[in-house]
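If you scroll down you'll find the structure; I have some questions about it.
This chain uses plain numbering: 1 for the first residue, then up along the sequence.
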Amino acid sequence: MGRRGGTRTRVTARRLGLALLASVLAAGCDATGSSADGSGRPGGTPPPSAPAPSATSSARPASDAELCATIVAHWSRTVLDSGTYGDYQSMGLSNGQYEILRNVVDAARDVKRRQGAVAADELIDREARAACVGRYRDGTPSGGPWR
């Protein structure tokens, strides 16, 4: 006789899944295709404007050194505020970038203690940028991904 409900259960589950998918898709759509102002957008909201090309290009780091400086500065502030270091891989850093981070945080701790948080924040940007520029001066480091 076979298993109880075998094919019937699969067909019912498949239909239920398709019905659920259809209801979710329909919930995101306007059934009439119209809106209060006739624009076709819910609530007559204006269309999103595209950012200017210069706005998107300036938001991205232009070089490996800038990317390094951005990520090292970010994690340096996080470590300085929390007081604990994480694993360099979970931060998305190479071993060399992590070494830069440790040096930057050590210097920032001293400055924060003596001159305050604003001075430490400025030091983080300055030191991270200088160290990363030095690291990537001749292109990418050649010691492998861990260096």
Q: Let me see the working for S63 and Y136 under side-chain contact (heavy atoms from CB on, under 4.5 Å), right down to the final yes or no.
A: CA-CA 9 Å; S63 68; Y136 290 94; over 6 Å; no
Q. Do R109 and V79 pass the side-chain contact (heavy atoms from CB on, under 4.5 Å) test, and can you show the C-alpha distance, the side-chain angles, and the key distance before you say yes or no?
A. CA-CA 10 Å; R109 277 194 182 119; V79 169; 4.1 Å; yes
Q. When you look at M91 and V72, which way does the side-chain contact (heavy atoms from CB on, under 4.5 Å) test go after all the steps?
A. CA-CA 9 Å; M91 295 177 179; V72 167; over 6 Å; no
Q) About how many Å separate CH2 of W75 and OG of S82, when rounded to the nearest 0.5 Å? A) 9.0 Å
Q. Is there a path from V111 to V104 through hydrophobic residues (I, L, V, M, F, W, Y) whose side chains come within less than 4.5 Å of each other?
A. no
Q.
Quick check: closest heavy atoms across A108 and A120, and the distance to 0.1 Å?
A. O-CB, 3.6 Å
Q) Nearest heavy-atom pair of A62 and E66: which atoms, and what distance? A) N-OE1, 3.2 Å
Q.
How long is the straight-line distance from CD of E99 back to CG of L93, given to the nearest 0.5 Å?
A. 12.0 Å
Q: Locate the shortest heavy-atom distance separating C68 from I100; write the atom from each residue and the value.
A: SG-CD1, 4.3 Å
Q: Find the distance between CG (D110) and CG (L123) and round it off to the nearest 0.5 Å.
A: 9.5 Å
Q: Specify the closest pair of heavy atoms between C132 and A65, including all atoms of both residues, with the distance to one decimal.
A: CB-O, 3.5 Å
Q | Nearest-0.5 Å distance that lies between atom CD in Q97 and atom CG in D64 | A | 9.0 Å
Q: Determine the interplanar angle of the Y98 and Y88 rings, folded into 0 to 90°, and report it as parallel if under 30°, tilted if 30 to 60°, perpendicular if over 60°.
A: tilted
Q. Is the CZ atom of R129 crowded by more than 12 outside heavy atoms at less than 6.0 Å?
A. no
Q: I would like to know whether I124 and R77 meet side-chain contact (heavy atoms from CB on, under 4.5 Å); could you show each step before the answer?
A: CA-CA 8 Å; I124 286 172; R77 287 183 183 93; 3.8 Å; yes
